[in-house]
Amino acid sequence: MSSGDDEQSQALAKPTFTEVQASAVVESVFGLKVSKIQPLPSYDDQNFHVHISKIKDATEGPIEYVLKISNTEASKNPDLIEVQNHIIMFLKAAGFPTASVCCTKGDNTTSLMSIDSGTEIKSYLVRLLTYLPGKPIAKIPVSTQLLYEIGRLAAKLDKALEKFHHPKLSNLHRENFIWNLKNIPLLEKYVDALGQNRNREIVEQVIQLFKKEVMTKLSHFRECINHGDLNDHNILVESSKSAFGDAVYQVSGILDFGDMSYGYYVFEVAITIMYMMIESKNPIQVGGHILAGFESIIPLTAVERSALFLLVCSRFCQSLVMAAYSCQLHPENKEYLMITAKTGWKHLQQMFDMGQKAVEEIWFETAKSYESGISL
């Protein structure tokens, strides 16, 4: 969701391109004629859904794209965005449902645009990806089977990236990146956005528990590259009819690689569990199905499993605190920023009230049931 890499990351300049300006970028930088363009929701970058006019006698090709305009902070690190683009291309070649990255007229994957705002000149990195069809998982009723498949997908993604090499890969070591789960203590700078209430008390307790119980275990976790944002709006699905006539959903797209960084296998599964809980009618049950899918590819170690509960709570805190803080900066984007908060605080409080032992028992028993072929 976010792209900033230091404690000032949220005080960044979100792009404010008009549809006319965005169309001009597509035509001048990528050489495509725009027939229709409309804004898409986004956190701190700017995205547009672009339809292009087919050129007469042109070979078959996509006619729908997404123009991504990075915020001013992210635009200062073109190497990081280059690595993200190459990861998207690598995963596409490996069979994952990611977008294709389009080249500029100069055969690059990004272009730096300078815009005179009247008071200063700001620079923004722009890139163009093919538009992926499908509905966000947030918009459908999610079956336990689909949760299991999403868990498998998260693990397959991390495993595939073990084979990814790039000369600028070190850019994914994003030490003070607010969205990397190991940086939970950085949330202390933002908790004032919550005011004084029970939500803040829970967040402060989670931060202290994280310092005591997770920071001490990091050296025992297995490191990998994390997607880091497999939320219910970044996974797309398409439906087909089952033999019984009801809808069966398959993953048709993986979006938003802007939060990629070096992390750990257990981070990926924790982040995925948290986001799949958001819209669920049985949120506490979700974790076991995701975990079973993930562990069918990458079984967690005992020490990784023991941190899972606190890591899921920690991701809730990250998302909820940064949403509250960002709302103060960008009140005009409140509806999008507060998606998680609609149910997130309730789910976090429920987990906290039940306690680690009770929640783990549900997750681990559910995951174990898949081994015997009887999923709960």
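Numbers here are sequence positions counted from 1. Both backbone and side-chain heavy atoms feed into the values below; hydrogens, waters and symmetry mates do not.
Using a cut-off of 4.0 Å between Lys/Arg side-chain N and Asp/Glu carboxylate O, Lys139 and Asp232 are scored as not salt-bridged. Using a 4.0 Å cut-off between charged side-chain N and carboxylate O, Arg198 and Asp353 make a salt bridge. Under a 4.0 Å N-O distance rule, the pair Glu188/Lys211 qualifies as a salt bridge. The pair Lys168-Glu82 meets the salt-bridge criterion, with a side-chain N (NZ, NE, NH1 or NH2) lying under 4.0 Å from an Asp/Glu carboxylate O.
The CD atom of Glu201 sits 8.0 Å away from atom CD of Gln196, with the distance rounded to the nearest 0.5 Å. One distance of note links CD of Glu279 with NZ of Lys342; it measures 8.0 Å at 0.5 Å rounding. With values rounded to the nearest 0.5 angstrom, Leu291 atom CG is found 10.5 Å from Glu360 atom CD. Rounding to the nearest 0.5 Å gives a distance of 11.0 Å between CD of Glu304 and NZ of Lys217. Separation of atoms CG (Leu169) and NE2 (His86) is listed at 11.5 Å; rounding is to 0.5 Å.
The shortest distance between side-chain heavy atoms of Asn77 and Leu125 does not fall below 4.5 Å. Side-chain contact between Gln318 and Leu181 is present, with heavy atoms from C-beta onward closer than 4.5 Å. Contact of the Met354 side chain with the Gln349 side chain is not registered, since no non-hydrogen atoms from C-beta on lie closer than 4.5 Å. At a threshold of 4.5 Å between non-hydrogen side-chain atoms, the residues Val251 and Leu236 do not count as touching. Using a 4.5 Å cut-off on side-chain heavy atoms (C-beta onward), Val50 and Val66 make no contact. Annotation: side chain of Tyr124 is not in contact with side chain of Asp45 (no heavy-atom distance under 4.5 Å). Contact annotation: the side chain of Val126 never approaches that of Lys68 to less than 4.5 Å [non-hydrogen atoms, C-beta and beyond]. By the 4.5 Å heavy-atom criterion applied to side chains, Val248 and Gln250 are counted as neighbours.
Among Leu172, Asp259, Leu80, the single residue meeting the side-chain contact (heavy atoms from CB on, under 4.5 Å) criterion with Phe177 is Asp259. In summary, of the residues considered (Ile273, Thr366, Thr144, Leu230), a side-chain contact (heavy atoms from CB on, under 4.5 Å) with Ile290 occurs for Ile273 alone.
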Start with the C-alpha gap between His49 and Tyr65, add the side-chain angles, then the distance that decides, and say whether side chain to side chain donor-acceptor pair (under 3.5 Å) holds.
-> CA-CA 6 Å; His49 184 184; Tyr65 295 86; over 6 Å; no
Can you list the steps and then say if Glu149 with Gln145 is a side chain to side chain donor-acceptor pair (under 3.5 Å)?
-> CA-CA 6 Å; Glu149 292 302 331; Gln145 182 58 34; 2.9 Å; yes
Would you check, one step at a time, whether the test salt bridge (Lys or Arg N to Asp or Glu O under 4.0 Å) holds for Arg305 with Glu295?
-> CA-CA 11 Å; Arg305 269 188 160 215; Glu295 290 198 313; 2.7 Å; yes
Check against side-chain contact (heavy atoms from CB on, under 4.5 Å), Asp229 and Trp179 | CA-CA 9 Å; Asp229 197 14; Trp179 292 101; over 6 Å; no
Mind running side chain to side chain donor-acceptor pair (under 3.5 Å) on Thr72 and Lys14 for me, showing each step along the way?
-> CA-CA 7 Å; Thr72 50; Lys14 182 172 177 170; over 6 Å; no
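Between the side chain of Asn180 and the main chain of Tyr262, a donor-acceptor pair closer than 3.5 Å is present. Side chain of Glu238 to backbone of Lys135: no donor-acceptor contact under 3.5 angstrom is found. A donor-acceptor distance shorter than 3.5 angstrom exists from the side chain of Asn231 to the backbone of Asn234, with no hydrogens or angles considered. Checked by atom type and distance alone, the side chain of Ser296 pairs as donor or acceptor with a backbone atom of Gly293 at under 3.5 Å. For Trp363 (side chain) and Ile284 (main-chain N/O), a donor-acceptor pair under 3.5 Å exists by modelled atom type. Between the side chain of His227 and the backbone N or O of Ile254, no donor-acceptor pair lies under 3.5 Å. Without hydrogens or angle criteria, Asn183 side chain to Leu186 main chain gives no donor-acceptor distance under 3.5 Å. Proximity of a side-chain donor or acceptor of His173 to a complementary backbone N or O of Ser261 within less than 3.5 Å is not detected.
Close placement of the Phe90 and Phe164 rings is indicated, their centers lying within 6.0 Å of each other. Tyr265 and Phe221 have their aromatic ring centers separated by at least 6.0 angstrom. His289 and Tyr148 have their aromatic ring centers separated by at least 6.0 angstrom.
Closest approach of Glu19 and Ile37 over heavy atoms only: OE1-O, 3.5 Å. Pairing each heavy atom of Cys317 with each of Leu187, the nearest pair is C-CD1, 3.9 Å.
With a 6.0 Å cutoff to the six-membered ring centre and a 45° limit on the axis angle, Arg152 does not count as a cation-pi contact of Phe294.
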Quick one: side chains of residues 98-109, donor-acceptor pairs under 3.5 Å with protein atoms, not counting sequence neighbours, listed by atom name and distance.
unit_1, atom_1, unit_2, atom_2, d
Thr98, OG1, Ile88, O, 3.1
Thr98, OG1, Lys92, N, 3.3
Thr104, OG1, Gly106, N, 3.2
Thr104, OG1, Asp107, N, 3.3
Thr104, OG1, Asn108, N, 3.0
Thr104, OG1, Asn108, O, 3.4
Lys105, NZ, Ser28, O, 3.1
Thr109, OG1, Asn85, ND2, 3.3

